[in-house]
2 protein chains.
Amino acid sequence: MSDFRSKQFKRPTMYDVARLAGVSQPTVSRVLSAGNAGDASALISDETTQRVLDAVNKLGYRPNVVARSLRTRRTFTVAMLIADLSNGFYHPMARAVQDVARQHNYEVLISNSDHIYENERHFCDIVLGSGVDGVLMVPIHLSSDELSQYVDRAHIPFVALAEHIKHPHIDLVWVNDHRATYEGTRWLINKGSHQKVGFIGVSDDLPPGPRRFDGFTRAMNDAGLQVDPRFIKIGDFTLESGKKAARSLIEGGELPTAIFAINDLMAIGLILTLQDAGYRVPEDVAVIGFDDIPEASIVRPALTTLAQNPRDIGEKMAEMLFERIENPNSTERRVYESHCHLIVRDSA
Amino acid sequence: MSDFRSKQFKRPTMYDVARLAGVSQPTVSRVLSAGNAGDASALISDETTQRVLDAVNKLGYRPNVVARSLRTRRTFTVAMLIADLSNGFYHPMARAVQDVARQHNYEVLISNSDHIYENERHFCDIVLGSGVDGVLMVPIHLSSDELSQYVDRAHIPFVALAEHIKHPHIDLVWVNDHRATYEGTRWLINKGSHQKVGFIGVSDDLPPGPRRFDGFTRAMNDAGLQVDPRFIKIGDFTLESGKKAARSLIEGGELPTAIFAINDLMAIGLILTLQDAGYRVPEDVAVIGFDDIPEASIVRPALTTLAQNPRDIGEKMAEMLFERIENPNSTERRVYESHCHLIVRDSA
DNA sequence: TTGTATGCGTTATCAT
DNA sequence: ATGATAACGCATACAA
């Protein structure tokens, strides 16, 4: 059997390759990095190149990237923190980031905060020591000041999907969800001439909370409507919290005739629970969501929603990041707005 | 402004801390690793410990994990390859792995193959050089022989979610989906006394393909039923491929009265397209799936399905891996079977 | 209890 | 075109 897992086992190094090929260790290094860099290719004779390559194959040599990183101070790895791996909104975003990263020969370290504050901090703590070359993140709880402290010590490029981050060295992608909420609400009101419109939001200390509630409120006021506190519920982005909001609404006696939910998962929870209680969507209660996750096309009636463009978001974040990584001296701060658009289906 | 991104910037090292504290660099190392190891704590005087810690804080020093890894040959990172980030089945699994990893002070590098062969190979290539301390993976296309070649050269523990991997050094978690399919099919047949039962599978060169088709076939035969090739369709695990299978079935003219889909996503695509074409589920066609992803509870009728236990799978894989990492000499191969159970909802 | 010296496996700067 | 040598930041054997 092989020497698997024996403590004594030692991976072949450049020295081993060099000895076998009858050259010096730095020569091996040059041969191998000629492929990457592309410029130094002429510095090595074809003959020794061949001998080295043969030795590499014979030994099954693989460069030790840890040693390389120590020397070059680059890990060719970026870290990404997203808020919820299980939320369909983030998949295309993560995928897009990985696609761009691969074009640049980078790996992506994905982490998941589950919307939990401590996890966001833990991620930043890890990142500070980990040697990654750049960071993409969706800070939900982290304030601009807290994040700034990390960035000031990390000395690597950061890109965030956020609106509330002010640090001059953090590039931003953001979504004008205030406007989207405003226009979505207005569309919803006009669509059915609704008078009583509800809202399922999230706590005010989460960044999208106040913004989207304000967009909603303004649209209501501009339509001459009052926001009725009985129809305002707070969730936490999850399906279950949407169901809970629906139960709370039903127990309250009177129902609004239309509801704006600030994400699809809660909107779907709402629909499911409303239907289980015998209400028809959209006839009794119209529902509109936010995100356009895959489940929005599965629920019946299919969910009308404000679609974000997570692929665009991920691509732009990654492109901004790699531009910084490859050009560390460009100084102006970049901010990119990714747009929303309404997708009309059957729930409103 | 800070020296952010200036090429000249140098993170403080142990030498800087040592100089500031008036001690030698190894002393700093000892102070800092006292917290981790726990044993060496008595070796340093309280006074110098304090001085060192003060210097650390003052400089904002963070250990360079790349250098540490080079020295210790441990990265405290494991890599995980899953087949599809966007498939709800894998979330609890990834989450469970991360939870276990955190208990061991490990980070998890998540990668996504998208069911693509080249990506599985790329992952293994990266892993070989990356210095991770262990690997968890879901090999879909990779054959036992191919994977074995990587493992023989990697000299780190591997754990796979698979049945077809034979290598004596790869620990396995597996699901007896042959039996689950058999029993699910039998239940389906009995439930509605069905005579014509369809099957949505995947290509034979994907490991679950033949196993589940065989389980289906046996159950049919044991019930005295013939497998009708007109009712057998091949998909690729995606919702869209389920829809396509349904369209193909509908165009075929005659429909089965019950269909077994080997995953939930295809089952849901089936239901949606069937309903759009005017068929009732389960009255006209009963449908059963496999996995119990969150969407199974969203679709109406709610999907009857064979639930896997991804949290259990992830936990066991991680536990096996860390046992190997922490005890490299234990030699016997571990194999764990994670069980399925039927969840009866409304689609069958 | 602490300091000195060495090496982990690379890349980079000199030479030659 | 290639070889000798140093350095990246840390942990550890050994000396004191």
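Every chain is numbered from 1 and lettered A, B, ... according to where its sequence line falls, protein lines coming before strand lines.
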[N] phosphate, OP1 or OP2: any side-chain N/O from [X] under 4.0 angstrom?
X: Ser45(A); N: dA1(D); result: no
X: Thr48(B); N: dT2(C); result: yes
X: Tyr61(A); N: dT10(C); result: yes

Classify [X] by what it touches in the nucleic acid, base, sugar-phosphate, or nothing, heavy-atom distance under 4.0 Å.
X: Ser24(B); result: base
X: Val23(B); result: sugar-phosphate
X: Thr72(B); result: sugar-phosphate
X: Thr13(B); result: sugar-phosphate

Regarding [X] and [Y], do their side chains bring together a donor and an acceptor under 3.5 Å, going by distance alone?
X: Arg121(A); Y: Tyr117(A); result: yes
X: Glu107(A); Y: His122(B); result: yes
X: Asp312(A); Y: Tyr336(A); result: yes

Return yes if the base of [N] and the side-chain atoms of [X] contain a donor-acceptor N/O pair under 3.5 Å, otherwise no.
X: Glu47(A); N: dA1(D); result: no
X: Arg73(A); N: dG9(D); result: no
X: Arg71(A); N: dT11(C); result: yes

Worksheet item: Within a radius of less than 6.0 Å around CG of Asp46(A), do more than 12 heavy atoms belonging to other residues, nucleotides or ligands occur?
Response: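 At most 12 heavy atoms, drawn from other residues, nucleotides or ligands, come within 6.0 Å of this atom.
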